[in-house]
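The structure presented is a predicted model; accordingly, all values stated were derived computationally and were not measured. Lettering follows sequence order; numbering is per chain, from 1.
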2 protein chains.
Amino acid sequence: MARPRKPLLSADRIVAAALVLVDEEGLDAVSTRRLAAELGVSGPSLYNHFRTKDQILEAVADAVSAQVDLSMFEDGRDWRRALHDWAVSYREALTAHPHLVPVLARGPGRRPAGLRLADAVFGAMVAAGWPPAQATSIGALMRYFVLGSALGSFAGGFVDDVSAYDPADYPHLGQAHLLAERQEQIDARAFETGLSALLDGLALQHARSTGAGTPS
Amino acid sequence: MARPRKPLLSADRIVAAALVLVDEEGLDAVSTRRLAAELGVSGPSLYNHFRTKDQILEAVADAVSAQVDLSMFEDGRDWRRALHDWAVSYREALTAHPHLVPVLARGPGRRPAGLRLADAVFGAMVAAGWPPAQATSIGALMRYFVLGSALGSFAGGFVDDVSAYDPADYPHLGQAHLLAERQEQIDARAFETGLSALLDGLALQHARSTGAGTPS
DNA sequence: ACCTGAACACCGTTCAAGT
DNA sequence: ACCTGAACACCGTTCAAGT
């Protein structure tokens with residue numbers, strides 16, 4: 001075929017197809033040949049639009065990061081509520097594409113949407129009166145919690161098989177095989193419990209450091 | 001050579017060599033051929049001891065999980081202090097082998113050490129008076145936080161390059177390129193801040209649910 | 001039982017060739 | 001500029017053959 005008069009591919013089309021493939025069949029299914037086939041071209045064609053396969057995945061990760069809502073840092077919401085709403089939006093974006101979390105976990109690097117996200121949180125915390133060093137910590141620790149919660153479900157990590165949990169070995173895991181079933185609910189509840197605890201704890205600290213305010 | 005009178009390989013030797021390889025060159029460096037070469041045998045030999053490459057990595061992950069200290073749940077320590085010390089030990093075990101975190105993140109599955117870990121936390125929280133559903137949440141959310149903090153350093157995720165952070169795009173990231181340098185310190189501080197906040201918040205909740213006690 | 005080399009169906013990436 | 005097929009150096013895994 002050689003060069004068509006109208007390009008068959010574009011960075012956006014490649015990213016979109018890669019996201020579908022990741023969601024449907026996991027990270028391992030994304031090979032350059034497979035992805036190209038999905039787009040109706042041959043493997044090496046992708047290299048006209050991205051320098052490496054890794055850069056394709058980075059672009060996919062950035063597209064997902066871009067879906068995280070940041071508007072709560074702009075209106076007048078107090079820092080605690082803003083942080084809560086942001087964490088919820090962040091987690092939703094990631095759990096919609098669980099196979100991609102290991103890629104996102106590599107850090108914002110040079111991904112624009114990832115950086116915008118880090119920038120918004122940091123700026124909002126400083127504006128709320130947190131010292132810069134604390135604002136950095138908050139950005140980091142919220143990221144830890146959200147990524148951790150999206151990466152590998154806790155409940156889904158257990159096997160749906162009674163015999164896997166011999167009571168002699170694990171005296172307290174008698175109900176563990178049930179976790180797999182109610183996976184989503186258990187992960188969602190643990191996330192909310194942890195997020196509330198985190199924000200309660202930060203509010204205590206904020207009250208102490210500004211010497212005023214009533215926490216919780 | 002064929003079968004030697006004394007086996008050249010053992011599961012333990014393979015796991016140990018794989019851990020060294022992961023630590024020194026990352027997950028991608030662990031191929032069956034490369035790992036076998038490191039052990040002085042040919043690639044397919046490994047399949048006499050493990051059914052798949054993935055099971056080798058699971059075994060490596062379990063070996064690392066086994067290094068997490070669980071003794072704090074046995075002596076008389078109060079739940080809050082036990083949880084703190086456990087989280088610190090957990091994080092230390094993981095940050096010693098950062099490349100392995102994505103494997104650990106798949107969940108305890110059938111890995112004995114991973115299950116022992118989940119069992120110990122759950123049991124200790126129930127013993128401390130938490131209702132079972134809450135104890136499950138605590139096990140999950142602590143795991144989120146520790147895994148998230150070990151998986152991809154926050155500070156290390158930024159690029160050590162001023163030009164990456166155009167102030168027009170990211171008004172608050174003027175110092176971001178400095179994060180890469182002081183990576184470990186920043187991650188360690190964010191972890192401690194987050195862990196304290198988490199425990200403060202949980203203590204508040206514990207006090208509320210048992211209707212007594214003075215938190216923090 | 002435990003190792004070997006050969007083989008299969010894959011990879012990511014480069015590159016000269018085509019329009 | 002943007003696609004192609006061929007090629008290179010890899011993969012994970014299977015299997016018959018050797019002792």
Practice task
Examine D:dC3: is either OP1 or OP2 under 4.0 Å from a nitrogen or oxygen in the side chain of A:His49? Give yes or no.
Solution key: yes
Problem - Check ion pair B:Asp200-B:Arg80 (N to O, under 4.0 angstrom) - result: yes
Practice task
Measure from the side-chain N and O atoms of B:Thr193 to the backbone N and O of B:Arg189, and report whether any donor-acceptor pair falls under 3.5 Å.
Solution key: yes
Completion exercise
Ranking C:dC11, C:dC3, D:dT4 by distance to the side chain of A:Arg34, first place goes to C:dC11
Handout entry: Atom-pair distance (CG on A:Leu9; C1' on D:dA1), nearest Å
Key = 13 Å
Problem - Residue met sooner reading DNA chain C from 5', once B:Ser42 and A:Ala29 are mapped to nucleotides - result: B:Ser42
Problem - Separation of C:dA1 P from B:Tyr47 OH (nearest whole Å) - result: 20 Å
Practice task
Determine: side-chain N/O of B:Ser45 to OP1/OP2 of C:dC2, distance under 4.0 Å, yes or no.
Solution key: no
Practice task
Check every strand shown and say whether A:Ser31 touches a base, only sugar-phosphate, or nothing at a heavy-atom separation below 4.0 Å.
Solution key: sugar-phosphate
Exercise for the section: Determine which nucleotide pairs with D:dA7, using a 3.5 Å limit on both distances of a Watson-Crick or G-U wobble pair. Expected result: C:dT13
Practice task
Round to a whole Å and report the spacing from CG of B:Leu57 to P of D:dT13.
Solution key: 10 Å
Handout entry: Nearest listed nucleotide, side chain of A:Pro44, among D:dT14, D:dG12, D:dG5
Key = D:dG5
Exercise for the section: Calculate the interatomic distance between B:Phe50 atom CZ and D:dT14 atom P; express it in whole Å. Expected result: 15 Å
Problem - Integer-rounded Å distance: D:dC2 C1' and A:Leu8 CG - result: 8 Å
Problem - Flag, side chain of A:Asn48 to backbone of A:Ser45, donor-acceptor distance under 3.5 Å - result: yes
Problem - Integer-rounded Å distance: C:dC11 P and A:Leu35 CG - result: 11 Å
Fill in the blank from the handout: Rounded to whole Å, CD1 of B:Ile14 lies from P of C:dC3 at a distance of 8 Å
Practice task
Could you give me the CA-CA distance, side-chain angles and deciding distance for A:Ser71 and A:Asp69, then say whether side-chain hydrogen bond (donor to acceptor under 3.5 Å, both in side chains) is met?
Solution key: CA-CA 6 Å; A:Ser71 64; A:Asp69 186 12; 2.9 Å; yes
Fill in the blank from the handout: Walking DNA chain D from its 5' end, the first of A:Ser10 and B:Arg33 to be reached, judged by nearest nucleotide, is A:Ser10
Exercise for the section: Report yes if at least one side-chain N or O of B:Thr32 is closer than 4.0 Å to OP1 or OP2 of D:dG12; otherwise report no. Expected result: yes
Exercise for the section: Find the distance B:Arg5:CZ to D:dG18:C1' and express it as a whole number of Å. Expected result: 16 Å
Problem - Watson-Crick/G-U partner (both atom distances under 3.5 Å) of D:dG18 - result: C:dC2
Fill in the blank from the handout: Checking D:dC3, C:dT4, D:dG12 against the side chain of A:Asn48 (C-beta onward), the nearest is D:dC3
Completion exercise
In short, B:Trp79 meets B:Ala128 closest at the heavy-atom pair CB-CB, 3.5 Å
